[in-house]
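The structure under discussion appears below in the form of structure tokens.
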Amino acid sequence: MQGGFTNPAETGVEMKSITLIKGDGIGPEITDSVIKIINAAGVAIDWDIQTAGADVIETEGTPLPKRVIESVKKNKVALKSPVTTPIGKGFRSVNVQLRKELDLYANLRPCYNLPNVKTKYDKVDIVVVRENTEDLYAGIERRVDENTAESIKIITRSASERIAKFAFDYAVNNNRKEVCVVTKANICKLSDGLFLDCARKIAAEYSNIKFREILVDNCCMQLVQNPNQFDVLLLPNLYGDIVSDLCAGLVGGLGIAQGANIGKDYAVFEPVHGSAPDIAGQDKANPTAMLMSAIEMLNYIGEKDAASRIKLALFETLNAGVKTADLNGNASCSEFTQAIIKRLAVLVK
Ligand code: ATP
């Protein structure tokens, strides 16, 4: 299935209590939209609502209180909307901390054309598998002196082999043909070199999946020239962040780009985009990225029928030309949501 994957612990788990992290910026708007749609699809979920980010620092002294982590540990699954990360200063990214604390080592970002979303490219179907726990995101930085700063890039064998294995298993389980590892191993010879070596080692264990290697700069050029040549991309954390935004741009932008953070024990589903403060509170945001992430969450917990119904209602809505401004439409977030709910009502009957 496009973009789909199966809970490694096999699904069918009776797990209807789910953590909901509402976030900030456009977070609350797109969350409300998605919850209304899931309710309309007839899925009964006991949402354990948790707040995080700048708004809770004053009262709780941290942007990511322990209760949020405990809630995800209890429920095993979370749906999360974006939480703003301050640029250049301020607290450490809540997203990064959450991924580290829960050891959500795989960031999965499927990227394909949606119906009636016209872009320069057709038939794009790429899955970005991004290592989620180390690289420059380890946050080890220091100011050497007034004019010099340094950041340390951490790449370990265990994390690199683990994510390579995830990418190849994903390829096998989802009928994919090729995994392409993306590095800058000609410059970062030791760190990216290790990531590449690990990918080569794991690739040798999967004779049915083609293995390809590419440098990240060439990969970016190839993506904008001919994205159809790519299947599963395997990247260290930072390149994965950048290249997945590029891939989102190929198929219609951040408003439709879904994501999931998967670990051995927990999974957190969230859109690729940030909190989009420039359009927050204006009823302009596209909830599709969050909805597509929620659809994968429903698949993950075994609610496959509801997931299919919601996807069909979303696709029919787009096909009918109801679209938000980022897709050159004129529907507000709430009008788009209502249009999906209206179609769901027909499908649910
Ligand atoms: P972060 O670093 O936190 O991931 P970012 O730098 O990727 O954030 P975003 O907050 O994702 O930035 O926003 C980038 C641009 O995309 C903004 O112009 C924003 O309005 C737009 N955008 C992001 N998400 C959506 C959405 N769901 N609907 C419409 N536009 C969006």
Side-chain angles (χ1 to χ4, degrees), residues 21-37 52-55 63-64 79-100 104 107-111 114 117-119 128 130 132 135-137 139 151 220 235 237-261 268-296 314 317-318 322-337 339-340:
I21 304 170
K22 267 196 160 183
D24 50 41
I26 58 169
E29 301 161 53
I30 57 174
T31 305
D32 287 349
S33 158
V34 168
I35 300 309
K36 281 182 186 151
I37 293 168
D55 294 351
L64 184 61
L79 179 63
K80 175 181 165 298
S81 76
V83 175
T84 304
T85 304
I87 297 176
K89 54 185 165 52
F91 59 85
R92 228 185 129 202
S93 163
V94 166
N95 311 319
V96 173
Q97 274 187 65
L98 194 66
R99 292 167 193 169
K100 275 216 89 152
L104 303 167
N107 188 202
L108 191 62
R109 297 182 162 182
C111 199
L114 294 187
V117 176
K118 297 268 174 290
T119 66
V128 175
R130 164 187 174 193
N132 223 6
D135 194 351
L136 282 162
Y137 283 70
S151 303
C220 291
L235 310 96
N237 207 341
L238 183 64
Y239 308 145
D241 180 47
I242 297 164
V243 170
S244 58
D245 269 29
L246 193 163
C247 289
L250 299 174
V251 294
L254 286 172
I256 63 169
Q258 61 173 309
N261 303 287
V268 175
F269 295 79
E270 65 176 342
V272 168
H273 62 72
S275 59
D278 52 334
I279 54 166
Q282 298 170 37
D283 200 18
K284 276 187 187 164
N286 186 350
T288 302
M290 178 87 172
L291 185 59
M292 297 277 288
S293 309
I295 289 169
E296 287 309 332
L314 167 67
T317 302
L318 292 169
V322 183
K323 291 187 272 190
T324 45
D326 58 311
L327 301 179
N328 297 321
N330 49 24
S332 65
C333 178
S334 42
E335 285 163 351
F336 184 66
T337 306
I340 296 173

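Basis for what follows: all heavy atoms, side chains included, without hydrogens, waters or symmetry-related copies. What you see is a predicted model; the values in this text were computed from it and never measured. In each ligand, atom 1 is the first atom listed, and ligand 1 is the first ligand listed.
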Looking only at heavy atoms of Ala289, does any of them come nearer than 4.0 Å to an atom of ligand 1?
no
Of the side chain and backbone of Thr84, name the one, both, or neither that has a heavy atom under 4.0 Å from an atom of ligand 1.
neither
Using protein heavy atoms only, decide if any is under 4.0 Å from atom 2 (O) of ligand 1.
no
Does Val272, backbone or side chain, put an N or O under 3.5 Å from an N or O of ligand 1?
no
By number and element, which atoms of ligand 1 are closer than 4.0 Å to a non-hydrogen atom of Ser275?
10 (O)
Please write down residue, atom name and distance for the protein heavy atom closest to atom 25 (C) of ligand 1.
Ile26 CD1, 4.0 Å
Is the shortest N/O to N/O distance between Asp278 and ligand 1 below 3.5 Å?
yes
Which of the numbered atoms in ligand 1 are under 4.0 angstrom from any heavy atom belonging to Leu254?
11 (O), 14 (C), 16 (O)
Is atom CG of Asn330 surrounded by more than 12 heavy atoms (other residues, nucleotides or ligands) closer than 6.0 Å?
no
Kindly say whether Leu104 contributes a backbone atom to a donor-acceptor pair with the side chain of Asn132 at under 3.5 angstrom?
yes
Tell me which one of Asn261, Asn95, Asn237, Asp241 satisfies side chain to side chain donor-acceptor pair (under 3.5 Å) with Asn107.
Asn261
May I ask you to identify the nearest protein heavy atom to atom 29 (C) of ligand 1, giving residue, atom name and distance to one decimal place in Å?
Ile279 CD1, 3.6 Å
Logged contact type for Asn286 with ligand 1, heavy-atom cut-off 4.0 Å, is both
Exam field: side chain Ser293 to backbone Gln258, donor-acceptor pair closer than 3.5 Å
no
Report yes or no: does Ser275 contribute a side-chain atom to a donor-acceptor pair with the main-chain N or O of Pro82 at less than 3.5 Å?
no
Mind checking whether His273 has an N or O less than 3.5 Å away from an N or O of ligand 1?
yes
Trace of the salt bridge (Lys or Arg N to Asp or Glu O under 4.0 Å) decision for Asp326 with Lys284:
CA-CA 8 Å; Asp326 58 311; Lys284 276 187 187 164; over 6 Å; no
Quick test: of every protein heavy atom, which one is nearest to atom 22 (N) of ligand 1, and how far off is it to 0.1 Å?
Ala276 CB, 4.0 Å
N or O contact, Gly274 vs ligand 1, cut-off under 3.5 Å
yes
Leu238 backbone acceptor or donor facing Asp135 side chain under 3.5 Å:
yes
Location of contacts on Pro82 toward ligand 1, heavy atoms closer than 4.0 Å
neither
Of all protein heavy atoms, the one nearest atom 7 (O) of ligand 1 is Asp245 OD2, 4.0 Å
Provide the closest heavy-atom pair for Pro287 versus Val34 in the form atom of the first, atom of the second, distance.
O-CG2, 4.1 Å
May I ask you to decide if Thr324's main-chain N or O and Asn286's side chain share a donor-acceptor pair within less than 3.5 Å?
no
Please confirm whether the backbone N or O of Ile26 pairs with a side-chain atom of Glu29, one donor and one acceptor, at under 3.5 Å?
no
